[in-house]
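All residue numbers refer to positions in the sequence shown, counting from 1. The analysis underlying the following values was restricted to heavy atoms, covering all of them including side chains, and did not include hydrogens, waters or symmetry mates.
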Amino acid sequence: DDEPEMTWIENVAILRPYRGRGIALALLYHAFGELYRRGKKGARLGVDAGSLTGATRLYERDGMHVYRSGYTYEKELRPGNELMTQVV
(Lines give C-alpha, C1' and ligand atoms only; values in the text may rest on other atoms or scores of the structure.)
Protein backbone atom coordinates (compact mmCIF):
# COMPACT_ATOMS: atom_id res chain seq x y z
CA ASP A 1 0.00 0.00 0.00
CA ASP A 2 1.25 3.49 -0.77
CA GLU A 3 -0.07 4.85 2.53
CA PRO A 4 2.29 3.71 5.33
CA GLU A 5 0.01 5.09 8.04
CA MET A 6 -2.66 2.59 6.97
CA THR A 7 -2.61 -1.15 7.54
CA TRP A 8 -4.54 -4.14 6.26
CA ILE A 9 -6.39 -6.60 8.46
CA GLU A 10 -5.99 -9.89 6.64
CA ASN A 11 -8.89 -11.96 8.01
CA VAL A 12 -11.64 -11.79 10.58
CA ALA A 13 -13.30 -15.19 10.94
CA ILE A 14 -15.45 -16.64 13.69
CA LEU A 15 -16.59 -20.26 13.67
CA ARG A 16 -20.32 -20.55 13.06
CA PRO A 17 -21.24 -21.84 16.56
CA TYR A 18 -19.59 -18.76 18.13
CA ARG A 19 -21.04 -16.05 15.89
CA GLY A 20 -23.41 -13.45 17.29
CA ARG A 21 -21.57 -13.22 20.62
CA GLY A 22 -19.57 -10.06 19.92
CA ILE A 23 -16.29 -11.90 19.41
CA ALA A 24 -15.53 -10.36 16.00
CA LEU A 25 -16.27 -6.88 17.30
CA ALA A 26 -14.02 -7.47 20.31
CA LEU A 27 -11.22 -8.70 18.02
CA LEU A 28 -11.58 -5.61 15.82
CA TYR A 29 -11.53 -3.25 18.81
CA HIS A 30 -8.42 -4.96 20.13
CA ALA A 31 -6.73 -4.79 16.71
CA PHE A 32 -7.64 -1.11 16.27
CA GLY A 33 -6.24 -0.27 19.71
CA GLU A 34 -2.99 -2.09 19.01
CA LEU A 35 -2.65 -0.50 15.57
CA TYR A 36 -3.20 2.96 17.06
CA ARG A 37 -0.57 2.22 19.72
CA ARG A 38 1.83 1.38 16.88
CA GLY A 39 1.19 4.71 15.19
CA LYS A 40 -1.21 3.62 12.45
CA LYS A 41 -3.92 6.09 11.45
CA GLY A 42 -6.36 3.62 9.93
CA ALA A 43 -7.10 0.06 8.94
CA ARG A 44 -8.56 -1.58 5.85
CA LEU A 45 -9.90 -5.02 5.17
CA GLY A 46 -11.51 -6.84 2.29
CA VAL A 47 -14.93 -8.42 2.52
CA ASP A 48 -17.26 -10.38 0.27
CA ALA A 49 -20.15 -7.90 0.12
CA GLY A 50 -22.48 -10.71 -0.94
CA SER A 51 -21.67 -12.85 2.08
CA LEU A 52 -24.62 -13.96 4.18
CA THR A 53 -22.58 -13.83 7.41
CA GLY A 54 -23.42 -10.18 8.12
CA ALA A 55 -19.77 -9.13 7.91
CA THR A 56 -20.51 -5.85 6.12
CA ARG A 57 -23.03 -4.87 8.81
CA LEU A 58 -20.46 -5.67 11.49
CA TYR A 59 -17.81 -3.48 9.89
CA GLU A 60 -20.23 -0.60 9.35
CA ARG A 61 -21.47 -0.88 12.93
CA ASP A 62 -17.84 -0.66 14.00
CA GLY A 63 -17.48 2.67 12.18
CA MET A 64 -15.82 1.41 9.01
CA HIS A 65 -17.05 2.57 5.60
CA VAL A 66 -16.63 1.49 2.00
CA TYR A 67 -13.35 2.84 0.69
CA ARG A 68 -13.24 1.07 -2.64
CA SER A 69 -15.33 -1.63 -4.26
CA GLY A 70 -14.53 -3.98 -7.07
CA TYR A 71 -15.12 -7.36 -8.55
CA THR A 72 -13.13 -10.53 -8.34
CA TYR A 73 -13.77 -13.11 -11.02
CA GLU A 74 -13.26 -16.78 -10.40
CA LYS A 75 -13.29 -19.92 -12.52
CA GLU A 76 -12.99 -23.49 -11.36
CA LEU A 77 -10.47 -25.41 -13.43
CA ARG A 78 -11.20 -29.08 -14.02
CA PRO A 79 -10.30 -31.75 -16.56
CA GLY A 80 -11.99 -31.42 -19.94
CA ASN A 81 -11.36 -31.52 -23.67
CA GLU A 82 -8.11 -29.96 -24.90
CA LEU A 83 -9.46 -27.37 -27.33
CA MET A 84 -6.06 -26.42 -28.74
CA THR A 85 -5.61 -29.88 -30.30
CA GLN A 86 -9.05 -30.21 -31.88
CA VAL A 87 -9.58 -29.71 -35.61
CA VAL A 88 -12.37 -27.29 -36.31
Side-chain angles (χ1 to χ4, degrees):
D1 205 333
D2 59 350
E3 298 176 72
E5 71 277 0
M6 298 293 289
T7 194
W8 279 90
I9 296 174
E10 186 67 29
N11 290 304
V12 177
I14 306 299
L15 294 172
R16 189 177 312 261
Y18 302 99
R19 292 179 188 161
R21 299 182 186 189
I23 297 169
L25 197 58
L27 287 171
L28 285 172
Y29 285 158
H30 179 76
F32 295 153
E34 182 60 24
L35 293 169
Y36 181 81
R37 187 184 72 75
R38 295 180 184 198
K40 298 296 183 179
K41 303 293 183 201
R44 293 183 180 141
L45 54 80
V47 64
D48 175 2
S51 171
L52 301 178
T53 64
T56 53
R57 289 187 304 278
L58 169 75
Y59 302 139
E60 289 171 353
R61 184 175 34 206
D62 192 36
M64 298 186 90
H65 63 276
V66 175
Y67 169 72
R68 178 180 8 186
S69 64
Y71 296 93
T72 301
Y73 291 87
E74 177 179 291
K75 179 175 179 63
E76 178 184 350
L77 302 177
R78 60 185 194 281
N81 296 329
E82 177 57 60
L83 299 177
M84 297 299 291
T85 60
Q86 293 181 358
V87 178
V88 188

Trainee: Of the options Leu28, Asn11, Thr7, which is the one that meets Leu45 in a side-chain contact (heavy atoms from CB on, under 4.5 Å)?
Mentor: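 The option that passes is Leu28.
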
Trainee: Give the table of side-chain donor-acceptor pairs shorter than 3.5 Å for residues 29-40, with sequence neighbours excluded, one pair per line with atom names and distance.
Mentor:
residue: Glu34; atom: OE1; partner: Arg37; partner atom: NE; Å: 3.1
residue: Glu34; atom: OE2; partner: Arg37; partner atom: NE; Å: 3.2
residue: Glu34; atom: OE2; partner: Arg37; partner atom: NH2; Å: 2.5
residue: Glu34; atom: OE2; partner: Arg38; partner atom: NE; Å: 2.9
residue: Glu34; atom: OE2; partner: Arg38; partner atom: NH2; Å: 3.4
residue: Lys40; atom: NZ; partner: Pro4; partner atom: O; Å: 2.8

Trainee: What pairs with Glu5 under side chain to side chain contact (heavy atoms under 4.5 Å, CB included), at least two apart in sequence or on another chain?
Mentor: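 Scan of Glu5 (side chain to side chain contact (heavy atoms under 4.5 Å, CB included), adjacent residues dropped) gives Glu3, Lys41.
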
Trainee: To check you understand the geometry: which heavy-atom pair defines the closest contact between Ala55 and Val47, and what is its length?
Mentor: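 Heavy atoms of Ala55 and Val47 come nearest at CB-CG2, 3.7 Å.
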
Trainee: Starting at CZ of Arg44, measure out to OH of Tyr59 and round the result to the nearest 0.5 Å.
Mentor: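 So the CZ of Arg44 and the OH of Tyr59 are separated by 15.5 Å.
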
Trainee: About how many Å separate CD1 of Ile9 and CE of Met64, when rounded to the nearest 0.5 Å?
Mentor: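 If we round to the nearest 0.5 Å, Met64:CE and Ile9:CD1 are 5.5 Å apart.
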
Trainee: Considering only distance and modelled atom types, tabulate donor-acceptor pairs under 3.5 Å from the side chains of residues 18-25, sequence neighbours left out.
Mentor:
residue: Arg19; atom: NE; partner: Ile14; partner atom: O; Å: 2.8
residue: Arg19; atom: NH2; partner: Ile14; partner atom: O; Å: 3.3
residue: Arg21; atom: NH2; partner: Pro17; partner atom: O; Å: 3.3

